[in-house]
**Student:** 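First the structure, then my questions, so here it is.
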Amino acid sequence: MQISKLNYLNNLNKNQKEAIIDLDGPCLIVAGAGSGKTRVLTTRVAHIINQNKAWPNQILCVTFTNKAAKEMQVRISKFLDKKVSSLPWLGTFHSVSAKLLRKHASAVGLNSHFTIIDQDDQMRLIKNIAKAENIDIKKLSPNIILSIINQWKNKGWLPKDVVSKGNITLEKAVLKVYKFYQERLKILNSCDFGDLILHCVTMFEKNPDILELYLNNFKYVLVDEYQDSNHIQSKWLNLLTKKNNNICCVGDDDQSIYSWRGAEIGNFLNFDKTYKNSKIIKLEQNYRSTQNILDAASGLISKNRGRLGKKLWTDGTKGELVKLTCYKNGRDEATGIGDIIEQNLKKKYSLNNVAILVRAIFQTREFEERFLKIGMSYRVIGGTKFYERAEVKDSVAFLRIVNQKNDDLAFERIINVPKRSLGESTIKQIYDWGRANKQSLENSSYVLLQQNKIKPKAKISLMGILKLFDKWRLDLKEKKHYELMEIILDESGYSKMLKDKKDLESEGRLENLKELIRGMRDFDNLQSFLEHAALATSIDQNWDGEKVNLMTMHGSKGLEFDAVFLPGWEEGLFPHQKSLEEKGDLALEEERRLAYVGLTRAKKESFISFVMNRMYRGDWIDSLASRFIEEIPEKNIQKEDITEQKNEDFIFNQDIDYEEGTKSPGWARLQRNKIKKLK
DNA sequence: TAACAACGCTTTTTT
DNA sequence: AGCGTTGTTA
């Protein structure tokens, strides 16, 4: 194997080098924020290949997000020569699992064209089951059922494995749904996200020969963000490393922020107990932030107990103090921050290097409104996801049913879209028959049509659409998948439906569909496109232009910016009330880690703020400053005093300064009235 | 079946 | 406050 850059070990510190060079045996790399974690991981892969320890296809490398997988792929390709430019087994837990399952689908009772369903589909399936089983969804909401089922799956429990935790009536009811749910998924030849991992584990456990195949193939296993792994994922890793024992996990216990979706920090903390004779290497030198920012973050996180414990340091400059500002309300906060960016930061940094990190995505709205007003470009990362848009989901549903005729959830979604008078009663009829006879909706439809049980009008319509499904399946054999999409949108009447609406929204939807078709060209075939659509949440973020970044703190993990704003540090919002109610002290620590993640995103400057009054669910709430503010060492903070009066002028001047055509007295009066109303 | 009104839930985070 | 779901009516 040729490594194009032989000097890849240069410019690394001692610990980093150690983390890269020692390839064999279990190894845990505790990598603090900004300590060069990704670099170490990718260099380690390069080193494995360079030392002829393994071929690229013998390295299994898993991440949690598509973003991280892609980033690693890019960085590793730089080390490799062009012929082997990528690692075939680098991907998220979910995508790697899907790949494994497609190869051995029959071992878990699936067919290799199985559909991967998302939360939306999960929810509909659960609602259907609840309805059929006469479960009162007012007493037991599908939301709760879904979250419990997901939790069980994260633990690796199939219905037969469920162990009671106390609330027996609740658990019994959910368990009943869970059984039907799993049964139904199998009939539909479908998997949910949890199943992807779970099925892999059961497959390996029940088929040692299959496991053996991979134990022999995977010489090295590397894992990113290990602190986010859940129980079933750790078992998955455990199985796959049984033979060579070459597992290298990278993570940071202080950045564990996903316990709500099953992440178990215990996997990370007890790594050395799970894997005997393991090495633990700490990366504590931070290359990202100034001393002040780092000290502020370290001071805050030191309030947490149950840490592995590490002390981040930097030999960089002290830099600016962390600025703390109190605003009157959310609108003032957005205005004030917009002003700082416009007046101070824009000169120093690219807007792409300025971020506003919020606790909850709804907080971005006030900023958007303000930025639109003053004409400042911004992008919201992680907001509305491309593949979650209704029109995109509808179109993908057509493809899904073409690809896999048992995909009831797709069938249900588009059978009457556009309207073809297949109403509730007809669908219920088909559904009931299918459930009773353990058949998919499409098969059931054929039987019912044959038995002449469908109402005349619906019958014609149903026959028509079924015929179309078959035609499209034939089309797929001769045409490209993206050509098929156009044919479907045309022949199903979907395009026409949107065109006929003639409103702005429908135009946007048509645009999205064009974008979808364009995006489909990046994939070789229908199957691989559908896999992407199921597992990727967004089409690649457009980083063009100079724009301020708006996102949640969760979404910011792994990123860095010159200047970071952390608005909304108020009790109830951050730490978030709901999380405290659910899990108490544990949740408080997790919220604190989130604060730590947020703060450590900043390279040069950070701005924390809170407001006195915030509009929340339609009411004004008096808020208190977040307890986290007091936990940051005072010496690292600079308090900016802003009086109410001054602040009001601030808003006023802002609008005159930045918006053209708004200098009229009438407009100014309108603004003043608005401010009065707020009081 | 479709259009409209009433209701209630949301807005913590995501593969 | 705003959205989606459910219920009511034509």
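Quick caveat, the model's predicted, so the values are computed rather than measured.
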**Student:** Closer to the 5' end of DNA chain B via nearest nucleotide, is it A:Leu594 or A:Lys419?
**Tutor:**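 In this pair, the answer is A:Lys419.
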**Student:** From CG of A:Asn143 over to C1' of B:dT12, roughly how many Å is that when rounded to an integer?
**Tutor:**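 Rounded to the whole Å, the gap is 14 Å.
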**Student:** Check every strand shown and say whether A:Phe64 touches a base, only sugar-phosphate, or nothing at a heavy-atom separation below 4.0 Å.
**Tutor:**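 Result for A:Phe64 = sugar-phosphate.
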**Student:** From B:dT15, B:dA2, B:dT11, pick the nucleotide closest to the side chain of A:Phe362?
**Tutor:**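 Among the listed nucleotides, the one closest to the side chain of A:Phe362 is B:dT11.
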**Student:** Looking at A:Arg359 and A:Glu591, does any basic side-chain N land under 4.0 Å from a carboxylate oxygen?
**Tutor:**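 Counted as a salt bridge, because a side-chain N and a carboxylate O are separated by less than 4.0 Å.
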**Student:** Please give, in whole Å, the distance from C:dG2 P to A:Met615 CE?
**Tutor:**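 One finds 8 Å between P of C:dG2 and CE of A:Met615, rounded.
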**Student:** Would you kindly give the CE-to-C1' distance between A:Met553 and B:dT12, to the nearest whole Å?
**Tutor:**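 For the pair A:Met553 CE and B:dT12 C1', the rounded distance is 9 Å.
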**Student:** State whether A:Glu366 and A:Arg614 are salt-bridged, where the test is any N-O pair (Lys NZ or Arg NE/NH1/NH2 against Asp/Glu carboxylate O) under 4.0 Å.
**Tutor:**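 Yes, this pair counts.
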**Student:** Both A:Lys578 and A:Thr92 contact DNA chain B. Taking the nearest nucleotide for each, which residue is further toward the 5' end?
**Tutor:**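 Looking at DNA chain B, the more 5' nearest nucleotide goes with A:Lys578.
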**Student:** Between A:Tyr596 and A:Gln255, does any side-chain donor sit less than 3.5 Å from a side-chain acceptor?
**Tutor:**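 Looking only at side-chain atoms, A:Gln255 and A:Tyr596 do not form any donor-acceptor pair under 3.5 Å.
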**Student:** With no angle test and no hydrogens, is the base of B:dT12 tied to the side chain of A:Trp260 by a donor-acceptor pair under 3.5 Å?
**Tutor:**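 Donor-acceptor pair under 3.5 Å: no.
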**Student:** A:Glu570 CD to B:dT12 P: how many Å, rounded?
**Tutor:**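 It is 15 Å, rounded to the nearest whole Å.
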**Student:** Between B:dT12, B:dT13, B:dT15, which one does the side chain of A:Glu591 approach most closely?
**Tutor:**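 Comparing B:dT12, B:dT13, B:dT15 against the side chain of A:Glu591, the answer is B:dT12.
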**Student:** Distance check needed: B:dT10 P versus A:Ile144 CD1, whole Å only.
**Tutor:**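 It works out to 9 Å between those atoms.
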**Student:** Can you check the A:Tyr616 OH to B:dC9 C1' distance for me, whole Å?
**Tutor:**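 Taking atom C1' of B:dC9 as the reference, OH of A:Tyr616 is at 12 Å.
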**Student:** Nearest whole angstrom, please: distance from the C1' of B:dT11 to the CG of A:Leu573.
**Tutor:**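 Distance, rounded to whole Å: 9 Å.
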**Student:** At 4.0 Å (heavy atoms only), tell me whether A:His576 reaches a base, stays on the sugar-phosphate, or touches nothing.
**Tutor:**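 Result for A:His576 = sugar-phosphate.
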**Student:** Counting the atoms with a prime plus P, OP1 and OP2 as sugar-phosphate, which does A:Tyr258 contact under 4.0 Å by heavy atoms, base, sugar-phosphate, or nothing?
**Tutor:**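 Here A:Tyr258 touches the backbone only, sparing every base.
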**Student:** Rounded to whole angstroms, how far apart are NZ on A:Lys127 and C1' on B:dC9?
**Tutor:**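 Rounded to whole Å, this separation is 12 Å.
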**Student:** Mind checking if A:Gln119 touches a base, just sugar-phosphate, or nothing, with heavy atoms under 4.0 Å?
**Tutor:**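 Since a base atom lies under 4.0 Å of A:Gln119, the category is base.
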